[in-house]
Structure formats: structure tokens, C-alpha cells
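A short worksheet on the structure shown next.
These values consider heavy atoms only, across backbone and side chains, with no hydrogens, waters or symmetry-generated copies. Chain identifiers are assigned alphabetically (A, B, ...) following the order of the sequence lines, protein sequences preceding nucleic acid strands; residue numbering begins at 1 within each chain.
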Amino acid sequence: MKKIESGTKFSSIDEIIKPRFAGKKVKLRGWVHRQRSGKKIAFIVLRDGTDILQCTAKKSELSEEKYEEFCNIKYESSIIVFGTLEKDDRAPNGYELHIENFEIIHLAETFPISKDQSEAFLLDIRHLWVRSQKLTQSARVKAKLMEGARNFFKKQGYLEVWPPIITGSSCEGGSTLFELDYFGKPAFLSQSAQLYLETLIFAHKKVFALTPSFRAEKSRTTRHLAEYWHLEAEAAFLDLNGIMDLEDELVTAMIHKVARDEKKSLISLGRKPKDLLEIKAPFERIRYDEAIDIINSKGVKIEWGEDFGTGHERALTKDLKSPIHVTHFPRQIKAFYMKTLDGKTAECNDLLAPEGFGEIIGSSQREEDIKIITENLLRDGSDIADYEWYLDLRRYGSVQHSGFGLGIERVMRWVCNLEHIRDTIAYPRVMNRSTP
RNA sequence: GCAGGCAUAGCUUAGUUGGUAGAGCGGUCGGCUGUUAACCGGCAGGUCGCAGGUUCGAUCCCUGUUGCCUGCGCCA
């Protein structure tokens, strides 16, 4: 491997593929994304982490040996190229580099990924497939979504906090937790930071957190991960309508940020930025009862008291352009911490993404009545002793409060128009895969 | 967890109503080309997932097993 001389000025592709750089000399370094060579002229498509650029080498402009070396460069070799940038409609993105000199940093072995690949194979060699256009674009979109979210929370006065990942008790139901050996005692990987965020609002009033959440559910679907990134917020003094307002503005801020700053990636993933910009808070809100009627009217059967399945969510959102809230689900099918006003329904809401993508947020106003919480815990067969610390929150300065959890990868799947949630994350953890 | 499907070269696959197999890509050698994972020709590359069974003979039929994929349930 050759050392790169220190002090050398390199450009990045995204900053030079602009009209004002046409005719200018530039030095780039990156990886060979594509390579084609002939007798007199050869091409490589260079990828440098910011964009791709076609580079052209002519035999007449390089020495015989240099040209041959250029023709023998293999995919994914790392390389330094030097030359003049030109506008050229024959190049993939309208610009190309006319190579005057180049230096191979590392000549790659034959890259195992070629034209035809199966999903299973791409998961096996994920550590190399992360270099693909699809995964790099999706990664950029994700970063922008989070940037949009953080900006939004900051503006709203929410403090970012870091709850624990290892926990001693569950949040909702014990069967879906990953158990681990914690110095000889059982502990669990967190599946939601909610209960901890509830403790923290008494210190900070309004908090949010981005944490990994773990679900040991043996789900086999295109929208479940065993490890996913969970964006959760909790706010004191907020009721159900207040938290829904916040969710709508958050989601709007996130998708608008991406639509403005990551246009190319979105387009290439199959999502028009303009369509995202047309989606604006507040989103439509319907009650569970109305949703039941709508779903039934679309020919998909559901009875009052049933939770939504995939088919129900799809029927409800397939023809929508904007997300929609479904509120006030039956209390019996919802978690122990959700508030009830009428004893029958919960002050909760699910935010469903349009076009059939389904649930992206689960949210509720929290129950303050310690008796009802206890009742609910007993209903679920939980051990009250495990929740004493949580019940303390209702003993010392209890206030009305609400919060929600948003699945980043779920939002990603919708925003990037992706068939499978695994392409929203570099290393998807699903039921039967934990490597690479 | 339930239901269905698949497993043949490095990758993507065709095929054999049971007589041990072809192709494309990739590799390699050569030709051609301002190419867009281009095209043309030569060559190399396969104990047909694994273990049993039936059979003169199994990659093909049967049983088991493992891995993977899809759908459902569960959820974000």
C-alpha cells in the first residue's frame, strides 16, 4: 500500500461537480466504482463518499505502462487521480475528469459483488455492500432525518438525554426482551426508554432521546428489526392533543430537512422531494371507532376491540398522501401506562405513514392514577414490585404528561420508499442474522 | 411462533418424466469500442445444501435435517 504524502490538497467530488470548476485542475482520492477499458480510451467511475465521478484516461495522454496499469485496475481499488474537470454530457452526472496522472493506493482483489445478487448474498457480504449506492444514499437520508429531528427538538426546548440500555425490568411484556447475564443476575436490553424518560421530565420538563431498542420478537416481516433506533420524547403538562401536535411538527421538520438537503439520494431511491415538501403538520386525526368503519368499508373485516393487523393498516393508509393519526384504541389492548378518561378507551394514538407503509409512531398521554396503573399491571400479570420506582413518579409531584416513540427505520422505509426495512440500516439485525 | 417456498460453478440461474449437468455474469487470454455493470471469440471453474432410504443406478423420488426467502401474528 502506498502512503499518501501529507500536505497534499484533495478535493471531494460533491464540491467540484459545479460549472465554475469546469476546466480546473483537481486531485481526488476514492474507490473505483466501475471500470471499463479499451485500446485507446479507458474509464473508471470514482466513488469518494460524497458522490461519483467518471474519470477518463486516454492512451495518447499517458505513458504505455501507465495506461496499461490503468486498464488493470480492479473494482474497489483505492486510487488517487489528478486531472482537469470538464463538463461532458456523455458522463453519468454531466462531468468527468480527464486524467493526467494517477496513483493506485491499493489494488483490490477481485470484488465478490457483481451484476446479479440475491438478498441473502448481499446480507452475507453486507460489510462490502454498505459501499453500494443504495445503502450509502439511505445512510445519508437517515443522517439528515436525525439532523432535522435534533434541530427541531432544540428549537422546542427539549433536552437530549441518555437513558440506560441495560435494564432490570421490562417496559411492556416480558416475552420480547433479550435477556443477558448481568454479573450473575438477569438483566435485559431495553425495548423502550419511555419509563426512564418519564422520570427525567420531573427534572427537565421536556426531554428526548435517541437509543437503540431491542425486540426479541420472532417476527419475520419487511418492517421489523430486532435492533432498531428509537426516537422518543416525553413532556410534562402535555395532553394527547399536545403530544400529537408535537409529533406532526417533528415529522414535518424531519422530512422537510431531507427533502431540502438530500434531493439526489431521495430521487435515486424513488421518492420525489417535492412530494415530501407538500406534507405538512397538522396531520388528519381519526378515532379508532371511525378507523374501524373505514377499514370495514374497504372490504377488510375488523371488529371493535381488535388491534390493527398489517392488512388493516394497509387498507386505511394505502391511498393516503400524508400520515394519519388513529386515536383512542380500546384500553384493553394497550399498555398499562396509558391514560383512560372514559374507562373504555386509552388516550393514545398511532401515527401511520401513508401509502400503506404503516405505523411509525406509538404515543399516549400517561396515566397518573396510581390505582389504575396498578390495576393494569395486574391485568398484564406483571410484578408490582418491579415497578415501585415507576409508581414513585405518581407520588412526588405527579403531573399530566405525554410522550411518544418513533421508529427511525420505519420512517426511513416510508421516506426512502423502500420495500424492506433492512435497507434502512447498515447492519440489520433480524431474527436469524447477527453477522456481519 | 404459524403457513408456504427455495437450496445446481465465486454470483444469477436452466435442466434431467431417475442413467452424475448447460448458460449468463465474474475470472483468464485475445479482439473491438467515448464507454455507461457494452460487445465478440478461446480457456478454466460443479462430489447439484447435509444425512439416511427406495433403486441395478439418485442432483431428480421419499424421510429427516440445516440454511435462507416470502406471508401472517406481534410491535416502532
Any N/O pairs under 3.5 Å between the protein and nucleotides 25-32 of chain B? List them or say none.
residue : atom : partner : partner atom : Å
B:rU28  : OP1  : A:Lys74 : NZ           : 3.4

Touch check for [X], heavy atoms < 4.0 angstrom, all strands: base, sugar-phosphate only, or nothing?
X	value
A:Arg413	nothing
A:Gln133	nothing
A:Glu409	nothing
A:His312	nothing
A:Pro112	nothing
A:Ile41	base
A:Arg314	sugar-phosphate
A:Thr221	base

Could you tell me how the ring of [X] sits relative to the ring of [Y]: parallel (under 30°), tilted (30 to 60°) or perpendicular (over 60°)?
X	Y	answer
A:Phe214	A:Phe178	perpendicular
A:Tyr387	A:Tyr390	perpendicular
A:Phe153	A:Phe404	parallel

> So A:Tyr196 and A:Trp389, ring pair (Phe, Tyr, Trp, His ring centres under 6.0 Å) or not? Walk me through it.
Replying inline: CA-CA 10 Å; A:Tyr196 291 98; A:Trp389 65 273; 5.0 Å; yes

> Under 3.5 Å, is there a donor-acceptor pair linking the side chains of A:Asp14 and A:Ser12?
Replying inline: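 On atom types as modelled, these side chains qualify, holding a pair under 3.5 Å.
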
>> Looking only at side-chain N and O atoms, does A:Tyr337 offer a donor or acceptor that is under 3.5 Å from a partner on A:Gln194?
In response: yes

Measure from [atom1] on [X] to [atom2] on [N] and round the result to the nearest Å.
X	N	atom1	atom2	answer
A:Leu177	B:rC75	CG	C1'	13 Å
A:Glu359	B:rG73	CD	P	13 Å
A:Glu86	B:rG34	CD	P	19 Å
A:His98	B:rG34	NE2	C1'	10 Å
A:Tyr337	B:rC75	OH	C1'	11 Å
A:Gln54	B:rU35	CD	C1'	7 Å
A:Glu76	B:rA37	CD	C1'	13 Å
A:Asp88	B:rU36	CG	C1'	12 Å

>> Less than 6.0 angstrom separating the ring centers of A:Trp31 and A:Tyr75, yes or no?
In response: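 When the ring centroids of A:Trp31 and A:Tyr75 are compared, they turn out to be at least 6.0 Å apart.
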
Determine the interatomic distance between [atom1] on [N] and the same-named atom on [M]; round to the nearest Å.
N	M	atom1	value
B:rG10	B:rG45	P	12 Å
B:rU20	B:rA9	C1'	15 Å
B:rU36	B:rG18	C1'	47 Å
B:rC68	B:rC75	P	26 Å
B:rA21	B:rU8	C1'	8 Å

> Below 4.0 angstrom, N of the basic side chain to O of the carboxylate: do A:Arg285 and A:Asp245 qualify?
Replying inline: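 Salt bridge: yes.
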
Among [options], the one nearest [X] by side-chain distance:
X	options	answer
A:Tyr75	B:rA37, B:rA76, B:rC75	B:rA37
A:Phe121	B:rU35, B:rU12, B:rA76	B:rU12
A:Ser118	B:rC75, B:rU35, B:rC11	B:rC11
A:Pro92	B:rC69, B:rC75, B:rU36	B:rU36
A:Glu96	B:rG34, B:rC72, B:rC11	B:rG34

>> If you define the side chain from C-beta out and look only at heavy atoms, does anything of A:Pro323 sit under 4.5 Å from A:Pro354?
In response: yes

> Does the ring of A:Phe43 meet both stacking tests against the six-membered base ring of B:rG34: centre distance under 5.5 Å and plane angle under 30°?
Replying inline: no

>> Using the side-chain contact (heavy atoms from CB on, under 4.5 Å) criterion, which residues pair with A:Arg314? Sequence neighbours excluded.
In response: A:Thr310, A:Lys318

> For A:Gln400, which residues count as a side-chain contact (heavy atoms from CB on, under 4.5 Å) partner, sequence neighbours excluded?
Replying inline: A:Asp239, A:Gln365, A:Glu368

Below 3.5 Å is the cut-off: list the nitrogen or oxygen pairs between protein and nucleotides 66-68 of chain B, distance only.
residue : atom : partner  : partner atom : Å
B:rC68  : OP1  : A:Asn432 : O            : 2.9

> Using a cut-off of less than 4.0 Å, is there contact between a side-chain N or O of A:Ser219 and OP1 or OP2 of B:rG1?
Replying inline: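 For A:Ser219, the contact criterion (side-chain N or O under 4.0 Å from OP1 or OP2 of B:rG1) is not met.
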
> A:Arg47 side chain N/O closer than 4.0 Å to the phosphate oxygens (OP1, OP2) of B:rA37?
Replying inline: no

> List RNA chain B stems (3 or more consecutive Watson-Crick/G-U pairs, under 3.5 Å)?
Replying inline: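 If one scans RNA chain B for consecutive Watson-Crick or G-U pairs, the stems found are B:1-7 with B:66-72, B:10-13 with B:22-25, B:27-31 with B:39-43, B:49-53 with B:61-65.
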
>> Does A:Thr84 form a side chain to side chain contact (heavy atoms under 4.5 Å, CB included) with A:Glu100? I'd like the steps, not just the answer.
In response: CA-CA 8 Å; A:Thr84 311; A:Glu100 287 162 31; 2.7 Å; yes

> What are the residues of residues 241-249 of chain A, sorted by number, that bring a heavy atom to within less than 4.0 Å of RNA chain B?
Replying inline: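 Within this stretch, nothing sits under 4.0 Å of the strand.
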
> Does A:Lys321 count as lying over the ring of A:Trp414, i.e. NZ or CZ under 6.0 Å from the six-ring centre, within 45 degrees of the axis?
Replying inline: no

> Does NZ or CZ of A:Lys74 fall inside the cone over A:Phe111's six-membered ring, less than 6.0 Å from its centre and within 45° of the axis?
Replying inline: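 The answer is no, since A:Lys74 fails at least one limit relative to A:Phe111.
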
>> Quick one, A:Trp129 with A:Phe121, criterion ring pair (Phe, Tyr, Trp, His ring centres under 6.0 Å). Give me CA distance, side-chain angles, the key distance, then yes/no.
In response: CA-CA 10 Å; A:Trp129 185 236; A:Phe121 179 65; 9.2 Å; no

> Step by step, would you call A:Ile279 with A:Leu277 a side chain to side chain contact (heavy atoms under 4.5 Å, CB included)?
Replying inline: CA-CA 5 Å; A:Ile279 298 172; A:Leu277 289 171; over 6 Å; no

